[in-house]
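Everything on this sheet refers to the single structure shown next.
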Amino acid sequence: MNRYDYIIVGSGIAGLYTALLAREQGSVLVITKGSIEDCNTRHAQGGIAAAIGQDDSPDLHFKDTLAAGDGLCDEAAVRILVDEAPARIAELVNFGVPFDTLNGRIALTLEAAHSVPRILHAGGDATGEHIEVTLSRRVRAAKIPVLEDSQATEILVEKNAVSGIKVLDCHTGSTETFKCRHLILATGGAGQLFKFNTNSDIATGDGIALAFKAGAEIIDMEFFQFHPTALHLPGVTPFLISEAVRGEGGILRNASGHKFMSNYTPQGDLAPRDVVARSILYEMEKTGTDRVYLDVTHLSPYVITTRFPHIYRFCLDHGLDITREPVPVAPAAHYMMGGVKTNTWGETSVSGLFATGETACTGVHGANRLASNSMLEVVVFSKRIMDITAKGAESVSSSVPKRQETHHKLPARKARKSFPASSLASLQQLAWNNIGVIRDGGGLTGAADILAAWQHKLPPPTDRPSHELQNLALTGRLIAEAALLREESRGAHFRSDFPEKSPERQRHIVFTT
Ligand SMILES: Cc1cc2nc3c(=O)[nH]c(=O)nc-3n(C[C@H](O)[C@H](O)[C@H](O)COP(=O)(O)OP(=O)(O)OC[C@H]3O[C@@H](n4cnc5c(N)ncnc54)[C@H](O)[C@@H]3O)c2cc1C
């Protein structure tokens with residue numbers, strides 16, 4: 001049996017970028033459960049943050065990132081993120097990513113909670129698509145083998161070190177085992193846990209579940225970012241209306257057409273995502289509606305159609321001309337800040353197992369992610385995985401300081417007499433109601449009980465949907481248990497029964513098997 005130097009699970013920006021670097025160092029296999037371009041990356045709109053502007057500096061980017069992270073960012077990791085950003089952006093340019101330019105220089109825009117314009121974008125609001133297409137072309141040109149429609153279902157561990165991965169062929173249902181020296185999880189997020197979400201179908205928490213079962217530490221799961229403005233039209237799956245729309249001057253209005261954000265926060269429409277998402281929910285409750293409106297009709301149609309061509313076209317295709325009518329929006333689950341715990345070299349607590357991208361938790365986002373830092377995190381920390389593995393070091397974990405952490409096992413939960421039948425729809429409804437934007441102890445306990453019951457009752461998975469349902473149930477359970485333990489409100493985690501931040505809880509919650 002072939003033993004690869006690197007097996008990379010996932011083909012979003014994290015998987016493809018890492019594969020392009022890894023092929024310089026040895027044999028590489030990419031495994032992905034859909035087609036190569038099925039991922040969240042393709043849907044990223046706003047862009048990628050980096051302090052490359054004249055009025056900007058890594059120090060300013062560092063300050064903004066820490067402010068968003070609300071006391072839980074790993075400062076050493078953030079320092080690396082902001083300092084190494086310009087070099088990684090130059091590499092993306094070399095790979096051929098066509099960032100938009102203005103007067104011969106890369107164009108930069110402002111997004112909420114950034115103190116200066118620092119977001120690079122491509123094709124206006126089609127940044128992710130340009131990145132994904134550019135990288136996937138490069139991977140094909142480099143003849144890196146990519147196994148499509150192949151779902152990783154189990155990490156194989158021998159003598160406390162990763163030895164390979166079990167993979168399901170999603171067409172035939174057969175399984176195969178592949179051996180490797182380094183296994184890199186680049187499996188993305190878990191937005192599909194929630195009824196309303198902006199994520200692609202692939203975002204089912206597979207990497208979290210695989211790593212947890214292999215014994216890796218999972219951290220910060222209570223922090224899930226809800227995007228305040230997803231298109232809310234009947235019969236249309238929520239579609240992200242980028243933060244950059246408010247950055248360019250978009251105004252949130254309630255059903256009566258009144259601006260309302262300044263009633264909730266002095267930062268108004270440009271407040272951090274969690275503040276805007278909660279304010280919208282309160283405003284919806286106050287006005288008895290299921291949506292508010294994002295108004296750009298005061299901007300010139302030229303600005304709207306050139307800066308947001310993708311959003312403009314998507315809305316127009318659904319009968320809405322945003323140059324003339326406000327956009328109906330509501331919050332939706334968007335980004336998982338927690339994940340498989342890594343150090344600043346992408347190493348997890350299991351030897352030979354690495355994680356990068358949304359499935360990883362490097363510590364840069366803390367309790368809340370600064371917009372457009374996620375694709376930056378991918379390129380910065382994927383490069384570091386390559387740097388450390390090139391040195392041949394099996395592990396450097398001991399040289400990396402631990403974060404302030406409390407360690408937990410999933411608690412035993414008493415069996416419930418009755419609970420709803422398990423299905424993707426009932427799971428998504430449960431998560432939206434009980435572990436969504438606004439949480440409380442009763443709802444979280446109810447969700448944890450039901451999810452624990454489902455974990456016991458679900459039959460052994462045999463195909464992609466059943467594996468995904470099982471992975472989502474475990475990921476949801478980790479979120480619910482962590483959210484129950486965090487009896488305070490911080491960053492993206494809000495408890496109506498503990499609405500204040502508590503200084504004693506400025507530490508991370510870690511789960512292991
Ligand atoms: C609508 C939207 C807009 C966004 N806008 C921005 C933005 O402007 N700027 C920004 O920085 N971030 C943005 N984000 C977040 C950002 O896009 C993601 O965090 C980032 O692209 C994640 O990259 P990734 O490679 O880790 O995951 P993904 O791109 O989601 O890729 C995950 C890959 O893993 C594969 N996979 C998963 N499980 C398995 C398995 N078991 N076996 C095999 N393969 C598997 C998937 O098929 C997929 O190929 C946005 C996200 C969304 C959804």
Side-chain angles (χ1 to χ4, degrees), residues 7-19 30-50 109 111 119-122 125-129 131-132 135-136 146-155 165-168 170 184-192 197-211 225 227 229-231 237-244 247 310-311 314 332-337 339-340 355-360 365 369-379 381-382 461 464 467-468 470-472:
I7 290 184
I8 298 165
V9 186
S11 60
I13 181 174
L16 298 182
Y17 179 81
T18 308
V30 176
I31 291 165
T32 192
K33 68 180 173 180
S35 76
I36 190 170
E37 286 171 13
D38 279 348
C39 57
N40 268 354
T41 300
R42 246 188 61 205
H43 303 281
Q45 297 176 352
I48 180 163
T109 194
E111 281 187 349
I119 317 302
L120 297 86
H121 43 89
D125 56 357
T127 313
E129 191 171 335
I131 290 178
E132 184 66 19
L135 296 181
S136 62
V146 179
L147 275 189
E148 294 180 300
D149 299 310
S150 301
Q151 184 178 22
T153 55
E154 188 184 341
I155 295 171
I165 187 105
K166 206 184 244 186
V167 176
L168 171 82
C170 299
I184 303 176
L185 289 176
T187 46
Q192 286 302 329
N197 72 77
T198 63
N199 284 199
S200 142
D201 287 351
I202 58 86
T204 54
D206 295 12
I208 302 295
L210 291 175
Q225 190 170 73
H227 199 287
T229 57
L231 180 67
T237 43
F239 170 82
L240 186 82
I241 306 295
S242 164
E243 201 102 55
H310 194 52
I311 294 173
F314 186 91
H334 185 56
Y335 183 84
M336 181 176 72
M337 263 80 68
V340 186
T356 178
E358 196 166 332
T359 200
H365 305 305
R369 171 183 73 122
L370 185 65
S372 289
N373 264 355
S374 46
M375 291 199 291
L376 177 63
E377 178 195 30
V378 168
V379 289
F381 291 94
S382 297
R464 179 173 155 180
H467 276 285
E468 290 182 342
Q470 198 180 62
N471 293 337
L472 282 171

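All ligand and atom numbering here is 1-based and tracks the order in the structure.
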With a cut-off of 4.0 Å, which atoms of ligand 1 are near a heavy atom of [X]?
| X | result |
| --- | --- |
| Ser372 | 8 (O), 9 (N), 10 (C), 11 (O) |
| Tyr335 | 19 (O) |
| Asn199 | 53 (C) |
| Gly12 | 25 (O), 29 (O), 31 (O), 33 (C), 49 (O) |
| Ala186 | 32 (C), 33 (C), 34 (O) |
| Ala152 | 40 (C), 41 (N), 42 (N), 43 (C) |
| Gly357 | 26 (O) |

>> So if I apply the salt bridge (charged side-chain N to carboxylate O under 4.0 Å, His left out) rule between Lys33 and each of Asp38, Asp206, Asp149, which one comes out positive?
In response: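 In the set Asp38, Asp206, Asp149, the residue that makes a salt bridge (charged side-chain N to carboxylate O under 4.0 Å, His left out) with Lys33 is Asp206.
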Answer yes or no: does an N/O atom from [X] fall short of 3.5 Å to an N/O atom of ligand 1?
| X | value |
| --- | --- |
| Gly46 | yes |
| Ser11 | yes |
| Thr359 | no |

Where's the contact between [X] and ligand 1, heavy-atom distance under 4.0 Å: side chain, backbone, both or neither?
| X | value |
| --- | --- |
| Ser150 | backbone |
| Asp38 | backbone |
| Leu240 | side chain |
| Ala49 | neither |
| Glu132 | neither |
| Asp206 | side chain |
| His121 | neither |

>> Nearest non-hydrogen contact with atom 45 (C) of ligand 1 belongs to which option: Arg42, Gln45, Lys33, Glu154?
In response: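 The residue whose heavy atom sits nearest atom 45 (C) of ligand 1 is Lys33.
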> Would you call the rings of Tyr335 and His365 parallel, tilted or perpendicular if under 30° counts as parallel and over 60° as perpendicular?
Replying inline: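 Plane angle over 60°, so perpendicular.
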> What do the steps show when you test Ser200 against Arg42 for side chain to side chain donor-acceptor pair (under 3.5 Å), and what is the final call?
Replying inline: CA-CA 9 Å; Ser200 142; Arg42 246 188 61 205; over 6 Å; no
